[in-house]
Amino acid sequence: MNILHIDASASDAETSHSRRLSADLVARLTVANPGARVTYRDVAADRLPHVDTTIVQAWMPEVEKDDALMATATRSKELVEELKAADIVVIGSPMYNFTVPSTLKSWIDHVAIAGQTFRYTENGPEGLLTGKGYLALASGGIYSKGPAAGADHLSTYLTTVLGFMGITDVEIVRAEGIAYGPEQDAAAMKDATAQIASLVAS
Ligand SMILES: Cc1cc2nc3c(=O)[nH]c(=O)nc-3n(C[C@H](O)[C@H](O)[C@H](O)COP(=O)(O)O)c2cc1C
């Protein structure tokens with residue numbers, strides 16, 4: 001059992017809601033799956049570059065590579081292999097301007113690679129990954145219901161991307177309305193923590 005744990009908040013482990021929730025998820029999943037191996041990637045602390053001309057060249061097998069290009073190709077391969085090896089992917093992410101932080105978008109750009117994690121067939125795209133996903137999401141406002149629901153491009157985007165790569169079984173845990181004040185903050189974290197306990201127990 002391999003668990004890939006990804007965090008994307010720009011806040012630290014003590015203050016970030018998504019980091020605390022993703023850590024709780026991984027701790028409980030590890031207890032529920034003794035011997036599970038956890039690979040941790042903090043895309044906020046160890047930022048991946050935006051995909052540019054050099055990176056696209058590094059992905060092309062036919063391009064002759066110098067040492068720098070080879071190092072870029074090797075990093076891409078590692079990122080993809082890490083994801084392919086995962087039976088469970090846990091992503092902790094804040095909402096930044098209605099969607100994922102750009103650091104997490106960079107990671108997605110590095111791993112959503114045709115022929116590696118998905119492919120196009122005569123019948124359209126096909127995901128090449130299997131396994132289960134968990135999203136631990138945090139936002140200042142409330143998007144799971146109410147007037148802002150249509151502005152949630154965080155949970156919808158992440159479930160679309162994971163599903164596109166073949167991970168269609170995705171559980172979502174949210175701490176919402178964090179900006180509404182300390183009472184809502186505490187209540188949201190309490191609810192999300194209870195949801196995690198019941199999700200992992202089931
Ligand atoms: C750059 C930035 C952009 C944000 N954009 C949004 C937003 O679009 N909608 C929202 O509800 N909250 C927004 N927030 C608030 C965060 O989603 C909220 O503080 C959340 O708790 C952050 O997650 P974290 O506690 O794991 O760091 C934003 C915060 C930052 C720093």
Side-chain angles (χ1 to χ4, degrees), residues 3-32 38-52 79 82-83 86 88-112 132-165 167 170-200:
I3 300 174
L4 176 59
H5 178 189
I6 294 165
D7 270 328
S9 172
S11 297
D12 63 28
E14 270 133 57
T15 51
S16 161
H17 300 74
S18 59
R19 282 181 188 274
R20 280 180 278 157
L21 295 177
S22 72
D24 188 15
L25 260 167
V26 170
R28 288 177 191 270
L29 287 167
T30 310
V31 170
V38 180
T39 302
Y40 183 59
R41 190 165 281 278
D42 185 339
V43 295
D46 298 314
R47 283 193 295 277
L48 293 162
H50 288 161
V51 171
D52 60 7
L79 291 164
E82 202 170 82
L83 179 57
I88 297 178
V89 180
V90 177
I91 301 179
S93 177
M95 176 183 281
Y96 285 173
N97 296 307
F98 307 105
T99 187
V100 292
S102 58
T103 50
L104 183 53
K105 177 61 166 56
S106 269
W107 176 79
I108 291 165
D109 289 343
H110 280 265
V111 296
K132 190 169 171 72
Y134 291 87
L135 304 177
L137 309 178
S139 56
I142 293 177
Y143 299 86
S144 61
K145 58 183 182 213
D152 171 18
H153 305 292
L154 174 63
S155 69
T156 51
Y157 175 65
L158 284 172
T159 49
T160 298
V161 167
L162 290 176
F164 186 72
M165 294 190 289
I167 303 175
V170 180
E171 305 284 359
I172 303 174
V173 177
R174 305 170 194 247
E176 297 189 289
I178 296 308
Y180 291 12
E183 279 175 22
Q184 169 66 19
D185 183 330
M189 285 302 279
K190 194 172 165 216
D191 283 356
T193 303
Q195 200 190 335
I196 288 171
S198 96
L199 268 179
V200 177

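Hydrogens, waters and symmetry mates are skipped; everything else that's a heavy atom, side chains included, is used. Please read these numbers as outputs of a predicted model, since none were measured by experiment. For ligands, and for the atoms within them, numbers begin at 1 and follow the listed sequence.
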Indicate every side-chain donor-acceptor pair of residues 132-144 with a distance under 3.5 Å to a residue at least two apart or in another chain.
unit_1: Lys132; atom_1: NZ; unit_2: Asp169; atom_2: OD1; d: 3.1
unit_1: Lys132; atom_1: NZ; unit_2: Asp169; atom_2: OD2; d: 3.4
unit_1: Lys132; atom_1: NZ; unit_2: Glu171; atom_2: OE2; d: 3.1
unit_1: Ser139; atom_1: OG; unit_2: Gly141; atom_2: O; d: 2.8
unit_1: Ser144; atom_1: OG; unit_2: Glu176; atom_2: OE1; d: 2.6

Grab the two heavy atoms, one from Leu154 and one from Ser93, that are nearest each other, plus how far apart they are.
CD1-OG, 3.7 Å
In this structure, atom 22 (C) of ligand 1 is nearest to the protein heavy atom Pro94 CB, 3.4 Å
For ligand 1, which is the ligand I care about here, please tell me if Gly141 has any N or O atom under 3.5 Å from one of the ligand's N or O atoms.
yes
Ser9 side chain vs Pro94 backbone, donor-acceptor pair below 3.5 Å
no
For ligand 1, which is the ligand I care about here, please tell me if His17 has any N or O atom under 3.5 Å from one of the ligand's N or O atoms.
yes
Any N or O of Met95 closer than 3.5 Å to N or O of ligand 1:
yes
Exactly one of Asp152, Leu104, Val100 should register a side-chain contact (heavy atoms from CB on, under 4.5 Å) with Tyr157. Which one does?
Val100
Atom indices of ligand 1, in the order listed, that fall short of 4.0 Å to a heavy atom of Ser11
27 (O)
Atom 31 (C) of ligand 1 has as its nearest protein heavy atom Tyr96 CE2, 3.6 Å
Nearest 0.5 Å, what's the OG-CG distance between Ser102 and Asp109?
10.5 Å
Tell me whether Ser16 has any N or O atom under 3.5 angstrom from an N or O of ligand 1.
yes
Closest heavy-atom contact between Pro101 and Tyr96?
CB-CD1, 3.4 Å
Starting from atom 27 (O) of ligand 1, what is the nearest protein heavy atom, named by residue and atom, and what distance separates them?
Ser9 OG, 2.6 Å
Out of Tyr143, Phe98, Tyr180, indicate the one that has the non-hydrogen atom closest to atom 8 (O) of ligand 1.
Phe98
Gly140 heavy atoms within 4.0 Å reach ligand 1 at atoms 10 (C), 11 (O), 12 (N), 15 (C), 16 (C), 17 (O), 18 (C)
Aromatic ring centroids of Tyr40 and His5 under 6.0 Å?
yes
Please write down residue, atom name and distance for the protein heavy atom closest to atom 5 (N) of ligand 1.
Asn97 N, 2.8 Å
Would you say atom 19 (O) of ligand 1 has a protein heavy atom nearer than 4.0 Å?
no
Met165 and Leu83, any side-chain heavy atoms less than 4.5 Å apart
yes
